[in-house]
Number of protein chains: 2
Amino acid sequence: MARTFESCASCAIHAQAICALCDADEMHVLDEMKYFRSYPPGQTIVFAGDRLDFMASVVSGLATLSQDLHDGRRQTVGLLQPSDFIGRPGRPIARYDITAASEVLLCCFARRPFEKLIASTAHIGSRLLEMTLDELDAARDWMLVLGRKSAREKIASLLLILATRAAQNAGPPFSADVQIDLPLTREAMADHLGLTLETVSRQFSALRHDGVITLAGARHVTIADMARLRREAGDGLHI
Amino acid sequence: MARTFESCASCAIHAQAICALCDADEMHVLDEMKYFRSYPPGQTIVFAGDRLDFMASVVSGLATLSQDLHDGRRQTVGLLQPSDFIGRPGRPIARYDITAASEVLLCCFARRPFEKLIASTAHIGSRLLEMTLDELDAARDWMLVLGRKSAREKIASLLLILATRAAQNAGPPFSADVQIDLPLTREAMADHLGLTLETVSRQFSALRHDGVITLAGARHVTIADMARLRREAGDGLHI
DNA sequence: CGTGCCTTTGAGCCCACTCAATCCCAGTGG
DNA sequence: CCACTGGGATTGAGTGGGCTCAAAGGCACG
């Protein structure tokens, strides 16, 4: 990836990332201390309970945050998308597994110096608080999905979130139909939705049969009518 | 409540609250600006979408944070217990309903001046970040309960959390059996667990029948064997 | 042309839901 | 003192959505 040598000046995620509020001087400091890492799909970035000696922003790709019961049941508790932040000041031990779902590129900072920076740079500390509050809202919104929605509504909710991000990245044209390349296997989606992979597969088939989505292969989804998808998802998603 | 005139010096929640890191001068400022409010059980403190012109710490009682679908399905996304904080800097509009489950006493601060204080007082800002990170972990832990646990495990998980807090408040003696006075109706528990009230009631009966708990009336629970309860809850609760 | 992973589809079962009746208990008023 | 009321809790009977177990299909890779 040529991006490894990219400088902060041309960074695609800057506007939403931890450094969004930083001024030129602060950006310069970050530019100097950052380094990149990439992970292939399926690779674990950290295991829950392990030490995490860096903090990072997701630059590209998708990673999952997940938790396991001893008998193997697994729940994904968050999706890490570009600009999302990994790591917490004062807490070097990871609470959840972090796994690359697709090829993931991280913009990393060594823990110690970055913790000092958080303490000394108000722009970083307050952006971190802001991002954490957003994550908390997202987690709480997802609790409604997990606790109260049917399998069909769950699938539609996930598609709606992914489609919304895809449409934003595709730019304002907001063209007719939205296309998504699913970065998740049926099993990974099931783990995020609190379902089994068979149920996920069946609901995809049902949504296709009912004309809500079109499938090209298992992973490429086209949504002709976003309003319809929104209705299928039920309300409660603050997007 | 005589507590209305209490000063910060004798506050029971100080050590865990938003003001935990403050020095004497900072405490003096807070002492001057705080005021108390109380709410009877069942009363709504804020409705989602409404303006919330104060921020507050829960001093005593239990409040719920919840979200509704248009058809009436409801999910409680958080329990507010003593020392928990209400309100977010820069976000005067409430995202969730906040409802008093039992008699609730709040220690309030007017929004504007408190926002300034957060920005200017590092001790408050960093404590808020710390508390928000804890809430995020709690929310994510609860996602595992909602998405992957059986009804019986869900009930045991809730009891475990309430019992742990009760045991802490009861002090170190850590005596034989732990007693809880449930501040929630069967329906409120169902809304927190993603179940129906009938299922909650049935699982209480089953746990009593199997000797895991003893019931005195519907709301008073005794737990003889915490280890047993912990096993019933399954793992995944970082308590 | 295997091999392995992911996905789809089928058949049957079970846990939690729905609908409904009853119980309990505190409060209120005759 | 009792009757009545109403909210909460319990229990029963029956249903169904999502799970389990199982088989087969698609597709990329060596």
Side-chain angles (χ1 to χ4, degrees), chain A residues 40-43 64 69 71-75 99 101-103 145-158 181-210 213-221 232 234, chain B residues 40-43 64 69 71-75 99 101-102 145-159 181-210 213-221 232 234:
Chain A
Q43 184 156 112
T64 62
L69 292 175
D71 61 11
R73 283 175 285 176
R74 157 171 291 226
Q75 178 66 47
T99 314
S102 57
E103 170 89 20
V145 174
L146 290 176
R148 291 303 188 196
K149 289 196 179 178
S150 69
R152 186 180 176 105
E153 288 170 325
K154 285 178 173 182
I155 298 288
S157 297
L158 179 61
D181 274 308
L182 293 173
L184 299 170
T185 64
R186 298 288 185 261
E187 186 177 23
M189 290 188 263
D191 286 341
H192 194 39
L193 294 165
L195 298 170
T196 60
L197 66 91
E198 294 94 332
T199 299
V200 171
S201 182
R202 275 185 249 275
Q203 293 300 333
F204 264 93
S205 300
L207 287 173
R208 184 192 48 192
H209 178 263
D210 297 348
I213 61 175
T214 316
L215 286 172
R219 304 289 197 93
H220 190 87
V221 182
E232 293 286 352
Chain B
Q43 185 155 112
T64 62
L69 293 176
D71 61 10
R73 283 175 285 175
R74 157 170 293 226
Q75 179 66 47
T99 314
S102 57
V145 174
L146 290 176
R148 290 303 186 197
K149 290 195 178 177
S150 69
R152 187 181 175 105
E153 290 170 323
K154 284 178 174 183
I155 298 288
S157 297
L158 179 61
L159 287 177
D181 274 308
L182 293 173
L184 299 170
T185 64
R186 298 288 184 262
E187 186 177 22
M189 289 187 264
D191 286 342
H192 193 38
L193 295 165
L195 298 171
T196 59
L197 66 93
E198 293 95 331
T199 298
V200 171
S201 183
R202 275 185 250 274
Q203 294 300 334
F204 265 94
S205 300
L207 287 173
R208 184 192 48 193
H209 178 263
D210 297 346
I213 60 174
T214 316
L215 286 172
R219 303 288 197 94
H220 190 85
V221 182
E232 292 287 352

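Every chain is numbered from 1 and lettered A, B, ... according to where its sequence line falls, protein lines coming before strand lines. Computed from a prediction, not measured in an experiment: that's the story for all the values here.
- If you measure from atom CD1 of B:I155 to atom P of D:dA9, you get 12 Å, rounded to the nearest angstrom.
- Taking atom CZ of residue A:R148 and atom P of nucleotide C:dA16, one finds them 13 Å apart after rounding to whole Å.
- With a 6.0 Å radius and a threshold of 12 heavy atoms from other residues, nucleotides or ligands, B:E187 has its CD atom at or below the threshold.
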Test log, rule side-chain contact (heavy atoms from CB on, under 4.5 Å), inputs A:L158 and A:H192: CA-CA 9 Å; A:L158 179 61; A:H192 194 39; 4.0 Å; yes
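- Nearest to the side chain of B:R202, among C:dG10, D:dT11, C:dT8, sits D:dT11.
- Residue contacts shown for A:L197 include a base, since a base heavy atom lies under 4.0 Å away.
- With rounding to whole Å, A:Q203 atom CD is found 15 Å from C:dT7 atom C1'.
- As judged by a 4.0 angstrom heavy-atom cut-off over every strand, A:T185 is placed among residues touching the sugar-phosphate backbone only.
- Between B:G217 and A:V200, the residue anchored nearer the 5' end of DNA chain D, judged by the nucleotide with its closest heavy atom, is B:G217.
- Looking at heavy atoms from C-beta onward, A:M189 lies out of side-chain contact with A:I155 at the 4.5 angstrom threshold.
- Picking from D:dT10, D:dC19, C:dT8 the nucleotide with the shortest atom distance to the side chain of A:L215 gives C:dT8.
- The side chain of A:T199 places no N or O atom within less than 4.0 Å of a non-bridging phosphate oxygen (OP1 or OP2) of D:dG17.
- In this structure, A:K149 atom NZ and C:dC17 atom P are separated by 18 Å, rounded to whole Å.
- At the heavy-atom level, A:G194 lies under 4.0 Å from the strands shown only through sugar-phosphate atoms.
- You'll find the side chain of A:D191 reaches within 4.5 Å of the side chain of B:R148, heavy atoms only.
- Protein atom CE of A:M189 is 6 Å distant from nucleotide atom P of C:dT7, rounded to whole Å.
- Regarding B:L184, its CG atom lies at a distance of 13 Å from the P atom of D:dG8, rounded to whole Å.
- Using a 4.0 Å heavy-atom distance criterion, A:R152 is classed as making no nucleic acid contact.
- Here the P atom of nucleotide D:dT10 and the NE2 atom of B:H209 are 15 Å apart, to the nearest Å.
- Residue B:S205 has a polar side-chain atom (N or O) positioned under 4.0 Å from OP1 or OP2 of D:dT11.
- One distance of note links OG of A:S201 with CG of A:L195; it measures 12.0 Å at 0.5 Å rounding.
- The base of D:dC21 sits with one of its N or O atoms less than 3.5 Å from a complementary donor or acceptor on the side chain of A:E198.
- With D:dC21, D:dT11, C:dT7 as the choices, the nucleotide that has an atom nearest any side-chain atom of A:R219 turns out to be C:dT7.
- Each of B:S150 and A:R186 has a nearest nucleotide on DNA chain C; the 5'-most of these lies closest to A:R186.
- Proximity note for B:A151 (side chain, C-beta onward) versus C:dT9, C:dA16, C:dC19: the nearest is C:dA16.
- Note that CG of B:L182 and CG of B:L159 are 6.5 Å apart. Values are rounded to the nearest 0.5 Å.
- Protein atom CZ of A:F204 is 11 Å distant from nucleotide atom C1' of C:dT7, rounded to whole Å.
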